[in-house]
A.B. asks: 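Here's a structure for you.
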2 protein chains.
Amino acid sequence: MDRQAIIDMGSNSFRLVVYGYEPERWWALIDEIREAVRVSEGMRESGRLQPEPMNRALHTAAVFAAFCRSAKVEKVDAIATSAIREAENRDELLEEVRRRAGLEVRVISGEEEARLGYLAIANSTTLADGHGVEIGGGSAQLTALEGRRLRDSISLPLGAVRVSEAFLPGDDAPGKAQKALRRHVEEQLEQAPWWPDGEGARLVGIGGTIRNLAAAAQKTLDMPDIDVGGFELSAEMLAELIDELASHPAPDRGSISGIKPDRGDVILGGALVLATFMERGGFEAVEVSEAGMREGAFFEKLLQGRDPPLFDDVRRASVVNLAHRFRTDDAHVDHVARLSLEMYDGLADAGLHQYGDEERELLWAACMLHDIGVAIDYDDHHRHSHYVILNSGLPGFSSRELVLIALIARYHRKGEPDASSLGDLAVRGDKARLRLLTGVIRLAEQLERSRDQIVAGVEVVVDNGAVRLATRTEGGDPSVPLWAARRNSDVLADAVGQPVEIA
Amino acid sequence: MDRQAIIDMGSNSFRLVVYGYEPERWWALIDEIREAVRVSEGMRESGRLQPEPMNRALHTAAVFAAFCRSAKVEKVDAIATSAIREAENRDELLEEVRRRAGLEVRVISGEEEARLGYLAIANSTTLADGHGVEIGGGSAQLTALEGRRLRDSISLPLGAVRVSEAFLPGDDAPGKAQKALRRHVEEQLEQAPWWPDGEGARLVGIGGTIRNLAAAAQKTLDMPDIDVGGFELSAEMLAELIDELASHPAPDRGSISGIKPDRGDVILGGALVLATFMERGGFEAVEVSEAGMREGAFFEKLLQGRDPPLFDDVRRASVVNLAHRFRTDDAHVDHVARLSLEMYDGLADAGLHQYGDEERELLWAACMLHDIGVAIDYDDHHRHSHYVILNSGLPGFSSRELVLIALIARYHRKGEPDASSLGDLAVRGDKARLRLLTGVIRLAEQLERSRDQIVAGVEVVVDNGAVRLATRTEGGDPSVPLWAARRNSDVLADAVGQPVEIA
């Protein structure tokens, strides 16, 4: 395993993250330390880092650097963003950090900050053409993507800490102050003439402010307790949250479910910035990614040699990454996927379902991941696969898709498919959708029950009101798959409304 | 990874299990096929295997054998027990199985069956001196252990299928029939004069009948949804279950929560056999193990070279096995354990707690396993460790101990320790117990925050109403551990009622 540390010295908090990876196999966050340094405190008036915040910054940088030395993480990229970038006396801090912590910090420009955010977005979502937004402590970055490339970007001095200090200094948030803040955001937006003027389509949001707002919105919904990656925060939900936040004095906002306590005093400011960006752009919702600048910096290293450093297919990369982290039996899961997709396509050709590419991809993902729960316990491993998928997350899939993939895996070998945990995430027909996809994977798993790829293919033949699955075997003895499949055709039969025979 | 298949041809069901293992590192069940063959059906009258059950047996054996060939599992041990053992025409079946399935089956004696059960008990529980009971479909095995060795054993024709057919043939279970069954068990018990006559102490139960009864009893309690391994089924709970089962006609008993549907018609018979064994022996409860004859057969191979083939310390073996399955960082977790135990002992010496060896071992186990949830996701990995521990299980620990270990891991880095999920498993003082153990592990984890064993030891000094933890470092830079520990001493301070300083 290789390791790469990223140290992110932001205006609100400093964070050390360590990624473990084997190139072309898997990567994962393996350690993290977060410290609410609030280095920008008091900078607004003077333009200078103040002694106390500087001390906190220096001390935290020293701890992070000591951690990397002690834990023998050799690759370390320390990055400072807006607060430090803009401070008149930043060199003083950087010199101390170099001298006393032995840490070389690179201060990146707003443009570079936006570019790293873009790399996070393009590597953690399916966004190809659309816009990105990141609200940090000191600055906010806006981006425009075209064909998965960065077309435009800007960094504006609209971070949550900064606007809160400037416009919402007291405990209350009077309507007038909120309006002034929004007007200020609109004025700043004039520097980005390429930001949509009401005709925006897809918008992806990254960074702690947006993650927190999404977490708070999730708590108000009936849905599984999953991470916010893939969640769609609608403009409507955001407006409700703003009302809710504004109705509490600043010190109480951190106790609202989903909001991090040490962000409570600046979250409303951040929410108002986001809401104004969305209104002006005409975006109905922001799709949340858990990735951020740190991941952007990491992806740049993980994918070095590619220009731009992007995964070819984010969804596929997420699924394969998770499968590899759990050392699945590649030959087996690939084959379950192959048989599933053959049946899926055959059933579609026969007019037995009307689902398309989206469901096909969910089915594929569930096939790749159906066995990962065995790492926990073979007994009930379908339940454990469900737990692992929900809790690991799959960047590039929406919350609803993630839950569906987890449910298909949940029911891949037993149990009556039950879509009710989708709750508010469900769309019309999800119950039937889950049933069909479960019916297919369950048969594919049994046709590959002996884990030897003996059933090489399966053809769907509709014959006199019955579905016949004609298996093609290659050498060997297909008695196990046939025996196993014949006792597992009931869910599919029910889904297509016809008896299913295995031949 | 090596693999070993065990095929268990019992009176009620046939089962193929596959264990994966790396000798001296880990082992785990990795595949399983169960088939309710009911080979003994109709044998009672004739003493012969009947044509239909024989066909089912042959077919299932052929499927299992084909599976092993296809999946390339080379080590296969096929074992037949009482029904086949006793059938006049067993050679007919065995010959067909050999010829048509290519499977060599060894028919084991009742004595050997009891011995394999003993190996399961001695390798999955802490029982050193006491008794064991297994209720199969055809026969029941009783054992007596002394110093972890098998002292006495017997196999009696008291399996659940057999007694149900003989005494409870109809849908109802009249009191008279139940009494006759119990009397029959008592008569049979006369063949085991060494079975306690009212003075029994510890009793361990294995096999599907007892597992099912325990699962049904668990459902009536407020406790986490965990496997039955380590659960104590009291004589009182068993009596209530018998009443409940007898109040339903046989075909409905399989729908009682916890009871496997295809066991429903014979579970009452099995329960009455167990209850009689317990009453006669004077056992207040039976401790349930998830292991059984199949594990016994597997342990014999895994631990070959040892005589008898036993783990030195079952609890330690369970914990280390689970840790290794999740590839924990051995140096790190060993060190967290060392620091935890040093603090635990130091606090005890200083009179700051009165806990003993049992709690010490739970603390050690939680230290070894605290990070296994990282495999799922670094975020919230304490929650995932809790899930994995609860669901993987730890043979040798009671249900309550398992939940406590999971809770200590759950709170090893954040959160207010909450023992309420213990529910009915809790004993007096568990809330305070969890708080003290959490306080210790949380500090030990932080003193090893840089994962480099820089804090080599810690001494507990009580000084003027405050606890001082004097750390001893070896080379390097202890700034990270000290920084991290100082902000994590509150739980321990609260547990011992004194401020805790890190020096």
Side-chain angles (χ1 to χ4, degrees), chain A residues 17-20 28-33 35 59-60 62-73 101 227 290 322 325-327 329 332 371-381 383-384 387-393 449-454 476-484 487, chain B residues 17-20 28-33 35 59-60 62-73 101 227 290 322 325-327 329 332 371-381 383-384 387-393 449-454 476-484 487:
Chain A
V17 290
V18 184
Y19 298 96
L29 178 69
I30 59 169
D31 215 330
E32 176 167 6
I33 309 180
E35 182 70 358
H59 183 62
T60 302
V63 167
F64 287 5
F67 179 92
C68 292
R69 280 191 298 271
S70 300
K72 299 187 181 56
V73 181
D227 287 338
E290 293 245 297
L322 184 55
R325 279 173 45 206
F326 279 82
R327 292 175 299 172
D329 174 349
H332 172 66
D371 268 351
I372 56 179
V374 174
I376 296 172
D377 200 16
Y378 183 84
D379 288 346
D380 279 339
H381 69 262
R383 266 203 314 122
H384 306 320
Y387 178 90
V388 174
I389 294 168
L390 283 188
N391 284 287
S392 299
R449 186 65 186 85
S450 45
R451 299 174 163 265
D452 60 348
Q453 296 85 55
I454 181 77
D477 173 2
S479 61
V480 174
L482 295 180
W483 171 85
R487 49 180 57 194
Chain B
V17 290
V18 183
Y19 299 96
L29 178 69
I30 58 168
D31 215 330
E32 177 168 4
I33 309 180
E35 183 70 358
H59 183 63
T60 302
V63 166
F64 287 4
F67 179 91
C68 293
R69 280 191 296 271
S70 299
K72 299 189 180 54
V73 181
D227 287 338
E290 294 245 296
L322 184 55
R325 278 172 46 205
F326 278 83
R327 291 176 299 172
D329 175 349
H332 172 66
D371 268 351
I372 55 179
V374 174
I376 296 173
D377 200 16
Y378 183 85
D379 288 346
D380 280 340
H381 69 261
R383 266 203 312 122
H384 305 321
Y387 179 91
V388 174
I389 294 168
L390 283 188
N391 284 286
S392 300
R449 187 65 187 85
S450 45
R451 300 175 162 264
D452 60 348
Q453 297 83 56
I454 181 76
D477 172 3
S479 61
V480 174
L482 296 179
W483 170 85
R487 48 181 58 195

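Below, chains carry the letters A, B, ... as their sequence lines are ordered, and counting in each starts from 1. Bear in mind the structure is a predicted one, so any value in this text is a computation, not a measurement.
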A.B. asks: Could you list the residues that satisfy side-chain contact (heavy atoms from CB on, under 4.5 Å) with B:R325, not counting sequence neighbours?
C.D. replies: B:W26, B:A28, B:N321, B:L322, B:S392
A.B. asks: Where does B:R449 contact chain A at under 4.5 Å (heavy atoms): side chain, backbone, both or neither?
C.D. replies: both
A.B. asks: So, for B:H384 and A:Y387, which heavy atoms are closest and what is the spacing to 0.1 Å?
C.D. replies: ND1-OH, 2.8 Å
A.B. asks: Measure distances from B:D227 to the heavy atoms of chain A and classify the residue's part below 4.5 Å as side chain, backbone, both or neither.
C.D. replies: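 It is the side chain, since no backbone atom gets that close.
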A.B. asks: Distance from B:T60 atom OG1 to A:W483 atom CH2, nearest 0.5 Å?
C.D. replies: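 Taking OG1 in B:T60 and CH2 in A:W483, the distance rounds to 6.5 Å.
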A.B. asks: What option among A:A71, A:S450, A:C68 has the most heavy-atom pairs under 4.5 Å with chain B?
C.D. replies: A:S450
A.B. asks: Of the listed residues (A:D477, A:V374, A:I376), which shares the most heavy-atom pairs with chain B below a 4.5 Å separation?
C.D. replies: A:I376
A.B. asks: Could you list the residues that satisfy side-chain contact (heavy atoms from CB on, under 4.5 Å) with A:D379, not counting sequence neighbours?
C.D. replies: A:D377, B:L29, B:E32, B:E290
A.B. asks: Please identify, among A:H332, A:Q453, A:K72, A:H59, the residue contributing the most non-hydrogen atom pairs under 4.5 Å to chain B.
C.D. replies: A:H59
A.B. asks: Could you have a look at A:P481, A:A375, A:S479 and say which one has the most heavy-atom pairs with chain B under 4.5 angstrom?
C.D. replies: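 The residue among A:P481, A:A375, A:S479 with the greatest pair count is A:A375.
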A.B. asks: Which pair of heavy atoms, one from B:A62 and one from B:A101, lies closest together, and at what distance?
C.D. replies: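 Between these two residues, the closest heavy atoms are CA-CB, 3.5 Å.
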A.B. asks: With respect to chain A, which residue among B:I33, B:D380, B:V73 yields the maximal number of heavy-atom pairs within a distance under 4.5 Å?
C.D. replies: B:I33
A.B. asks: Under 6.0 Å between ring centres: does that hold for B:Y378 and B:H381?
C.D. replies: yes
